[in-house]
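Here is the structure we will look at.
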Protein chains: 2
Amino acid sequence: MPDTDGHPDREEMNLRSILNALSDPLRYQVITAFLWEPEGTERNCSSFDFDVAKSTLSHHFKIMREAGLIRQVDRGNSRKAHLRHEDLEARFPGLLDLLRRNPDLPAHGK
Amino acid sequence: MPDTDGHPDREEMNLRSILNALSDPLRYQVITAFLWEPEGTERNCSSFDFDVAKSTLSHHFKIMREAGLIRQVDRGNSRKAHLRHEDLEARFPGLLDLLRRNPDLPAHGK
DNA sequence: TGACAGGTACGATGCAAGTAGAACCTTCCG
DNA sequence: CGGAAGGTTCTACTTGCATCGTACCTGTCA
């Protein structure tokens, strides 16, 4: 069962939800951004400067959170998100490599 | 560039289009159905008995075709579709294995 | 020559999803 | 204390997409 923040357990993850989460350009960009950085990197939503309202951003992070792509933890002032590397690798081996090899080009931007 | 039927070359394939194509339940089901069958199996649209209008079915096949997931070739009377195993494996190694390991669950719904 | 079967193209419709604004909460800091 | 920063939730708007009906095209076959 997902916890109160909507994080599913590793076994509860469902590939279709993952694919659905990745089918949006903004969300895809967030995930590939994480893949460029060292494993375990924590970032808050607003560190990605997308040109959208923060309610919209929160909405997208919720979808990634509930699909199991990211985990968000309270860190006092802000809320840090990180990619669930280990869980994703265990549950869907090969997925992250696939994404890593196909990064979203940042050039066409926001 | 894509041919007149909208089939992209191997190099033109784009992961986001692939993921987008797979994010629809019906299309996901078609692809995993192909993965259960021997490589190279050809089927026409109507052999999948989905409860949708044939214009709808044609629409879905177009999306999969233009994403590069399937290839459709004229066989006189009908049009046969087959999964582009080799191209997909070369362009996105690991993708098909990933899908094969996560067949569409009959019960889960959306 | 029909009639039919498999597919595609086009136009219209209805619902799901992305988007934004406002209210609210918590934490940090002057 | 009061205000600013980071996020969530709620509501409302608007766009996108799946869906369908119809018309149309091309082969097959009686």
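Keep in mind that the numbers below use all heavy atoms, side chains included, and drop hydrogens, waters and symmetry copies. The sequence lines fix the lettering, A, B, ..., with proteins before strands; numbering per chain opens at 1.
- Residue whose closest nucleotide on DNA chain C sits further toward the 5' end, between A/N20 and B/S47: B/S47.
- In this structure, the side chains of A/F50 and A/H60 stay at 4.5 Å or more apart for every pair of heavy atoms.
- The side-chain contact (heavy atoms from CB on, under 4.5 Å) test with A/H82 is passed by exactly one of A/E39, A/E42, A/Q72: A/E42.
- For A/S58, no side-chain nitrogen or oxygen approaches OP1 or OP2 of D/dG7 to under 4.0 Å.
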Practice prompt. Give the B/S/- string for nucleotides 19-30 of chain C, one per nucleotide from 5' to 3', where a protein heavy atom under 4.0 Å of the base yields B, of only the sugar-phosphate yields S, and otherwise -.
Written response: BBBB----BS--
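- Contacts of B/E12 classified as side chain to side chain contact (heavy atoms under 4.5 Å, CB included), with partners at least two apart in sequence or in another chain: B/M1, B/P2, B/P8, B/D9.
- By the 4.5 Å heavy-atom criterion applied to side chains, A/I63 and A/H59 are counted as neighbours.
- The phosphate of C/dT8 has OP1 or OP2 within less than 4.0 Å of a side-chain N or O from B/R65.
- At least one side-chain heavy atom of B/I31 sits under 4.5 Å from a side-chain heavy atom of B/I70.
- Out of C/dG18, D/dG6, C/dG6, the shortest distance to the side chain of A/S46 is found at D/dG6.
- When the side-chain nitrogen and oxygen atoms of B/Q72 are compared with OP1 and OP2 of C/dG6, none of them lie within a distance under 4.0 Å.
- At least one side-chain heavy atom of A/H85 sits under 4.5 Å from a side-chain heavy atom of A/L35.
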